[in-house]
Structures are given as C-alpha cells and as structure tokens.
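Data block below; observations after.
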Amino acid sequence: MYLDRKPIKVHEAIEAVLQFTQTGKIEYIPIDESDNRYLKAPIRADHDIPPFDRSPLDGFAVRANDTKLATREKPIELEVIETVGAGGLAKQVPQQGQAIRIMTGAKMPAGTDAIVMFELTKEIERDGKTYIEIKRSFKPGDNISFQAEETRTGDILVNSGRQVDPGVKALLATFGYSKVPVAKKPVVGVYATGTELLDVHQPLEPGKIRNSNSYMVTSQISKAGAIPKYYGKLVDDFDHCYEAVANALDEVDVLITTGGVSVGDFDYLPAIYEKLGANVLFNKIGMRPGSVTTVAEYKGKLLFGLSGNPSACYVGFELLVRPWIHHFIGSDKPHLQIVQGVLKADFPKPNPFVRFIRSKMTIEEGKIFAEPVGLDKSGVVTSLANSDALVVLPGGTRGYKKGDVVDVLLLNGEGGKDIIKIGAV
Ligand SMILES: Nc1nc2c(c(=O)[nH]1)N[C@H]1C(S)=C(S)[C@@H](COP(=O)(O)OP(=O)(O)OC[C@H]3O[C@@H](n4cnc5c(N)ncnc54)[C@H](O)[C@@H]3O)O[C@H]1N2
Ligand code: MOO
Ligand SMILES: [Mg+2]
C-alpha cells in the first residue's frame, strides 16, 4: 500500500512543513551565552551615549575664550592645575588662564569647553608650576564628544528578531543586559533506525556499518540553533520502534528518525505513522537525494522521517528541518541562501527529479563557481565532508554542461528569506 507514492514539489514540501511552525517562547539567558541567539525584544537605549560630554583626545581641557588671541607668532600660556584620566573627575574649576590635563574618555571638567591635543602644545616648567603654550585659537565645542551625540535615551537600536553577533553584543553590554531576552531553542529528538548499525566505537562486522547519520544530524541540529536529544539507534523491529517513537514524542518539540522510511520489508516508519494516527503530510518529494523523505504531524508535532541514506538524510534536513528550527528560534532567514553560480563540470545524468548536488563553492574574480564533489549517489557519505553548497539542477532535462549558470544553495552563512522554487516535478 505504500508503494504508490505521489511525489510533491520541493517547495510544496517545505510549505507543508511550515504550516506547523511554532515560535520559541522568551527566555532570559546570560549575555556570555547569547552569541547567535535571536532577540525576543528590541534593545532600547536606557541612557544617552556618550552619557556625558567627554574628551575624545589625550590633551588639555581649556576655556576656548582664553585661546582667542593665540597665534603662531604670539602663543598664549595656560597654567595646568590638575590631571584627570578616564573614569576620574576633575576636582577644580579652571579660572581664566588655567587648563586641566585630560585623557581620552574623561568627563569634561566644569568650566572648560574645548580640548587641545597634546601634539599642539608645548609644556613649560617654571617656578614649580606647569604651563602649556598654545599657538592657535579654539572655539567652544572644539574636540568634544557631546552627551547623546551618538544615541539618545529611548532610541531603539536593534529590533526584536536580530541575531546576536559581536556588534549586537557590544550594545547589550553597553546597556547593561547581563541577561538577554531571546527565543527558546526547540528540542529536536533523533532516533537512527537500522539493524545494520554499529556504534562508533565498535569494530566493523560483515553486513554492518557504523551509524553516521545520528552524528551528522545532531551536528546539523546544533548548527541550525536547536538542542539535539539523541535517543540512540533502533533495530528494525516494528513494536520496538513504535514504542520508542511514541514515547520520545512527549519529550521533544519535533522528532527526527533516520532510515526505515522507504518501501522495504523492514522500513517501518510508514506503518508507525499509521498506528500512531499521525497525519502524513507527504511521503515522496520530487528530488534526489531525499525522495523518500516523509513528514507526518501528530498532535501538532512534526515527525521528520529522513532517509537512511546519508546524503539524502543530510539534504532532507537542510531543506525541511532547518527552516522549521529557524522559525522557532526567531530567524527571518530560515532557508538556505540561494545564489547563482557557474557549474565547473559537466553533469550529464538526465533525471525527472530535481537534483541537489553536493558541491564546493569558490569565488574567482568576483564570480561564484560550484564544482560537484565525490560520487553523486544518495548513499554516499564522503562527499558531504567536502561540500559547502548544493547545486540545484531542475529535473526533466538531459543534463547540464560546464559553464551553465545554476542555482546554488549555500550550506554555511546566514541563510535566505525565500523558499526555493524549482519548476520541475
Ligand atoms: N523499491 C524501492 N527501493 C528503494 C527506493 C524506492 O523508491 N523503491 N528508494 C531508494 C531511495 S531513493 C532511498 S534514499 C532509500 C531510502 O531508504 P530508507 O530511508 O528506508 O533507509 P534504510 O532503508 O533504512 O537505509 C538506506 C541506506 O542507508 C543506510 N543507513 C541507514 N541508517 C544509517 C545511519 N544511521 N548511518 C549510516 N547509514 C545508514 C542503510 O544501511 C542503507 O544502506 O531507499 C531506496 N530504496
Ligand atoms: O531519493 Mo533517495 O532519497 O535518492 O536518496
Ligand atoms: Mg529502506
């Protein structure tokens, strides 16, 4: 009964998944842990920046009026009465003919209204006192960083939804956000199915392979900004798998399984969805790899049945699970970013389905190029380590030639706003 599967288009599959997006609730986390998280509230200035008039130079705070007659030929002299560094406050108010030695970042002393940098002065010691010689005049306000010249109290500096990066983090610190309001991360459960699977520490045995999908997928989950919860591997036994899936669902926001989703005798996921009473959104997508990718919904929670084949599993995650996670954590760029690139090698295989070819992207003389890497089969694992992009080749063609301009999905970077739209099946 599962043999007759109707493939849907890639963008339809993504849209179907996004009908079940959720939004992570607000949580307050320490600023030190806030990198890459998405803000759940705007950052608002609760004080002016600068908070006080300050010196932007190492030099002397003067009364501009005292320098009015200063010229190269007839320099004027001011008596230096005090030194103030950043963080300190001047104790005295200069009277006519007096100045205060001041360092960058220090608050302007009362009574002064201009800064003269060290390089424009000459210091003179006389009778146990220090004087400076100034050879030009200064206007009130010269070389002062004024209070609020950058930002005023109440200004919104960064909107809700922005990702915390080093610049945003500087603002959070400036305004005293020791705790940062961000969107919660979803918990994404993972089960790897397959009687053939060995643990990473086990030696190979005839007919068996090591379980690489769960490591790959949990790494993709973390990279996408969610919390992976790995439950282990399951042998292909219906009751065992059913119990495991049903129990895990209570503890996670979404559940990923890898393998067991195709039409084989021991591919139990379709029957598990049926016994659960889950609503299967689709069980075939017109794409390679990952055509068998199945997504079901049960009580508002999604079950992603990713393929067991590593490359198919990888692509299924990036196209479908990644956007779901990114919506949850508050990103407005949930999809892989699409750019146009030049194909660096022929790709002669005709195919009715859209192909996502593991590729390496380069930029040469300002142009983007993409070169397919490794063997192009769903079961391949090694090419994934050398890919940073997926070349998109629409189905229904005889193949592609070196030099053709194609869509390229970037696996790294900040992501894109739009769902990929591909004309084919
Ligand atoms: N008669 C048909 N057979 C198959 C079809 C089809 O349309 N008709 N589709 C093929 C395609 S396409 C794919 S993709 C696979 C998908 O199979 P499953 O998702 O059911 O996955 P499994 O059968 O469990 O495993 C497939 C393959 O992947 C290896 N595997 C599984 N889990 C892991 C893991 N955790 N780490 C590494 N490798 C894993 C497994 O050993 C198999 O070699 O179905 C085709 N068949
Ligand atoms: O469609 Mo399979 O999922 O080619 O890899
Ligand atoms: Mg199978």
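Being a predicted model, the structure only gives us computed values, none of them experimental. Order of listing sets the numbers, starting from 1, for every ligand and every atom in it.
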Determine whether the side chain, the backbone, both or neither of [X] has a heavy atom under 4.0 Å from any heavy atom of ligand 1.
X	value
N213	both
D267	side chain
K233	neither
S307	both
R5	neither

Note: K360-D388 ion pair, threshold 4.0 Å (strictly below)
yes
Given [options], identify the one with the heavy atom nearest to [atom].
atom	options	result
atom 2 (C) of ligand 1	T195, V292, V263	V263
atom 28 (O) of ligand 1	G194, S262, G308, A192	G308
atom 7 (O) of ligand 1	E196, K284, M287	K284
atom 35 (N) of ligand 1	N211, T193, L198, I209	N211

Would you give the length of the straight line joining atom [atom1] of [X] to atom [atom2] of [Y], rounded to the nearest 0.5 angstrom?
X	Y	atom1	atom2	answer
L393	N351	CG	CG	9.5 Å
L172	K179	CG	NZ	13.5 Å
Q163	N36	CD	CG	5.0 Å
R358	L390	CZ	CG	8.0 Å
K284	T293	NZ	OG1	10.0 Å
I43	L157	CD1	CG	7.0 Å

At the 4.0 Å heavy-atom cut-off, does S291 count as touching ligand 1?
yes
State whether the number of non-hydrogen atoms from other residues, nucleotides or ligands found under 6.0 Å of [X] atom [atom1] is greater than 12.
X	atom1	value
K349	NZ	yes
F266	CZ	no
K135	NZ	no
K233	NZ	yes

I need the atoms of ligand 2 closer than 4.0 Å to a non-hydrogen atom of G290, numbered in the order shown.
1 (O), 2 (Mo), 3 (O), 4 (O), 5 (O)
Note the single closest protein heavy atom to atom 5 (O) of ligand 2, along with its residue, its atom name and the distance in Å.
S378 OG, 2.4 Å
Under 2.8 Å from the Mg ion (ligand 3), how many protein N, O or S atoms can be found?
2
Between Y230 and Y191 (judged by ring centroids, cut-off 6.0 Å), do the two rings come close enough to count as a pair?
no
Please check whether [X] reaches ligand 2 - meaning an N/O of the residue sits under 3.5 Å from an N/O of the ligand, judged on distance alone.
X	result
S291	yes
A312	no
S307	no

If you look only at distance, which donor and acceptor atoms sit under 3.5 Å apart when one is on a side chain in residues 315-339 and the other is two or more places apart or in another chain?
| residue | atom | partner | partner atom | Å |
| --- | --- | --- | --- | --- |
| E318 | OE2 | Q220 | NE2 | 2.9 |
| R322 | NH1 | P334 | O | 2.8 |
| R322 | NH1 | H335 | O | 3.2 |
| W324 | NE1 | F20 | O | 2.9 |
| H326 | ND1 | S331 | OG | 3.4 |
| H326 | NE2 | A224 | O | 3.2 |
| S331 | OG | K333 | N | 2.9 |
| S331 | OG | K333 | O | 3.4 |
| D332 | OD2 | K417 | NZ | 3.1 |
| K333 | NZ | E414 | OE1 | 3.1 |
| K333 | NZ | E414 | OE2 | 3.3 |

Ligand 1 to G260, heavy atom cutoff 4.0 Å, flagged ligand atoms 18 (P), 19 (O), 20 (O), 21 (O), 22 (P), 24 (O)
State the atoms of ligand 1, each with its element, that fall below the 4.0 Å cut-off from a heavy-atom position in V261.
18 (P), 19 (O), 20 (O)
Which pair of non-hydrogen atoms, one from L39 and one from S160, has the smallest distance, and what is that distance?
O-OG, 3.5 Å
Heavy-atom closest contact (T151 atom, A45 atom, distance):
CG2-CB, 3.6 Å
For ligand 1 and S212, I'd like to know whether there is a polar contact (N/O to N/O, distance under 3.5 Å).
yes
